**Q** 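My questions all concern the structure below.
Residue numbers start at 1 and run along the sequence shown. Note that the structure is predicted; figures quoted are calculated from it, not measured.
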Amino acid sequence: EFYQGIRGQLVNKGAPTKEQKEQLDELARRLAGTPAALILAVDEIQPEDTGTDALAKLTELADKLFESGLPGECVKALERACEINKTSVRLKKRLALAKIVDANMVYVPGDRIVVEEGRAPEWVGGFYLDRVEVSRGRWKTFLTKLMARAAEDKGLKPADYKPKGWKGDDEPDALPVTGVTWDNAAAFPKAEDLRLPTEAEFRIASRGPGRRTFPWGDTPPSLYRAATANHFDSVVPVGSFPAGAAPSGALDLIGNCAEWCDGKGETRPVRGGSIKTPVDQLGVDQVVSLATDTRREDIGFRCAVEARLPR
């Protein structure tokens, strides 16, 4: 922002002096190789640049911005690209995903972690994760879309996606959706080119780069950091505990509702603990495995996606 501001002032005053140009060049060198340089590169593509070279450059920059954890800037680059090529289905699909990520998710940098017990740590690349659990309001929208699809797809049964204890439109939008099976949970993100987080991703997001005991640090959970069995008897609205945020900004990674993760086999991992989990049993390594058809009113989920746009 500083570089752009100074450059704008100098341009408005005419050609910069030799000293001013040297200062701008030095700032540009310092920004080179950083996400800021990517943002500047998008800005430097003029509105009148509508050729294939500009399109290719915007597409390349969009990829790099998304991989760098800047989905909002990626959206801007893709919107410019869509203005140049208004008929590209591929560009529109990428833009739609970037907008979803920008609206709902946080970026979690990659890290090395033990993915499989007994094996050496593996590198897990950066990814995006829902800032909060999927809410009942979002689930209502999902059910409405399923109903519309069911009119054409006779094999689709929206009733199978009704959560345990579901009260329809009377459900509070802000509460996390719970009482869904693993298959229910996995179907929700798939509709938006997302997926459930892997166990490794959930652990990386929860512990942060400092290998914390809890998302917020090493201080045990309190009334102000998480909804646990010690203080709550039912789930609370998503995002109710800003003091319990992980380094990425993700909330509710511990407590409120436990969360389905991706997996294989007859059972699937559930992480994070819930309002039924005592404080002394909570932690970033806490996990249970449950049958995929399990429906519990303290188990929900959130979405994830690789920090890489679809090709």
**Q** Would you mind checking if Asp169 and Lys140 are paired as a salt bridge, meaning a charged N to carboxylate O distance below 4.0 Å?
**A**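 A salt bridge is absent here (no side-chain N lies under 4.0 Å from a carboxylate O).
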**Q** Answer yes or no: is there an ion pair linking Glu73 with Lys76, defined by an N-O contact shorter than 4.0 Å?
**A** yes
**Q** Side-chain heavy atoms under 4.5 angstrom apart, residues restricted to Ile, Leu, Val, Met, Phe, Trp, Tyr: same cluster for Leu196 and Tyr161?
**A** yes
**Q** Tell me whether the count of non-hydrogen atoms from other residues, nucleotides or ligands lying under 6.0 Å of CG in Asp233 goes above 12.
**A**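 At most 12 heavy atoms, drawn from other residues, nucleotides or ligands, come within 6.0 Å of this atom.
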**Q** Decide yes or no for Glu133 and Asn256: does some side-chain heavy atom of the first lie under 4.5 Å from some side-chain heavy atom of the second?
**A** yes
**Q** At their closest point, which heavy atom of Phe202 faces which heavy atom of Pro197, and how far apart are they?
**A**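 For Phe202 versus Pro197, the nearest heavy atoms are CD1-CG, 4.3 Å.
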**Q** Determine all donor-acceptor pairs shorter than 3.5 Å in which one atom belongs to a side chain in residues 303-311; sequence neighbours excluded.
**A**
{"from": "Glu306", "atom 1": "OE2", "to": "Arg195", "atom 2": "NE", "distance (Å)": "3.3"}
{"from": "Arg311", "atom 1": "NH1", "to": "Asp63", "atom 2": "OD2", "distance (Å)": "3.0"}

**Q** If every non-hydrogen atom of Thr59 is compared with every non-hydrogen atom of Leu91, which pair is closest and at what distance?
**A**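 Between these two residues, the closest heavy atoms are OG1-CD2, 4.2 Å.
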**Q** Locate the shortest heavy-atom distance separating Ser274 from Asp298; write the atom from each residue and the value.
**A**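 Reported closest heavy-atom pair: OG-OD2, 2.6 Å.
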**Q** Starting from Val279, walk the hydrophobic network (Ile, Leu, Val, Met, Phe, Trp, Tyr; side-chain heavy atoms closer than 4.5 Å) and list everyone else you reach, by chain and number.
**A** none
**Q** Flag the pair Thr178 / Ile299 as yes when at least one side-chain heavy-atom distance between them is below 4.5 Å, and no otherwise.
**A** no
**Q** Do Arg131 and Asn104 come close enough that some side-chain heavy atom pair is under 4.5 Å?
**A** no
**Q** Is the distance from the ring center of Phe127 to that of Tyr107 below 6.0 Å?
**A** no
**Q** Hey, are Thr198 and Asp262 close enough side-chain-wise for a donor-acceptor pair under 3.5 Å?
**A** no
**Q** Going only through I, L, V, M, F, W and Y residues with side-chain contacts under 4.5 Å, is there a path from Leu55 to Leu65?
**A**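 Same hydrophobic cluster.
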**Q** Are Phe214 and Phe241 an aromatic pair by the rule of ring centers under 6.0 Å?
**A**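 So the answer is no for these two rings.
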**Q** Below 6.0 angstrom between ring centroids: does that apply to Phe301 and Phe188?
**A**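 Centroid distance Phe301-Phe188: below 6.0 Å, so yes.
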**Q** Answer yes or no: is there a side-chain heavy-atom contact under 4.5 Å between Glu201 and Leu129?
**A** no
**Q** Answer yes or no: is there a side-chain heavy-atom contact under 4.5 Å between Leu194 and Ile100?
**A**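 Side-chain contact under 4.5 Å: yes.
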**Q** Does the distance from a Lys or Arg side-chain N to an Asp or Glu carboxylate O, for Arg271 and Asp285, drop under 4.0 Å?
**A**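 Result for this pair is no, no salt bridge flagged.
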**Q** Got a salt bridge between Asp252 and Arg225, using NZ or NE/NH1/NH2 to carboxylate O under 4.0 Å?
**A**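 Salt bridge flag = no for Arg225 with Asp252.
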**Q** Within a 6.0 Å radius of atom NZ on Lys276, are there more than 12 heavy atoms belonging to other residues, nucleotides or ligands?
**A** yes
**Q** Check this for me: does any side-chain nitrogen of one of Glu199 and Arg203 sit under 4.0 Å from a carboxylate oxygen of the other?
**A**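 Between Arg203 and Glu199 there is no salt bridge, as every charged N stays at least 4.0 Å from the carboxylate O atoms.
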**Q** Could you walk me through whether Val75 and Leu95 pass the side chain to side chain contact (heavy atoms under 4.5 Å, CB included) check?
**A** CA-CA 6 Å; Val75 167; Leu95 176 58; 3.9 Å; yes
**Q** Given side chain to side chain contact (heavy atoms under 4.5 Å, CB included), test Asp193 with Lys93 step by step and report yes or no.
**A** CA-CA 9 Å; Asp193 290 326; Lys93 184 176 181 180; 3.2 Å; yes
**Q** Compute both the distance and the angle, then confirm whether Arg112 meets the cation-pi test with Trp123: under 6.0 Å from the six-membered ring centre, within 45 degrees of the axis.
**A**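 So Arg112 doesn't make the cation-pi contact.
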**Q** Are Leu143 and Trp166 side-chain neighbours, meaning at least one heavy-atom pair lies under 4.5 Å?
**A** yes
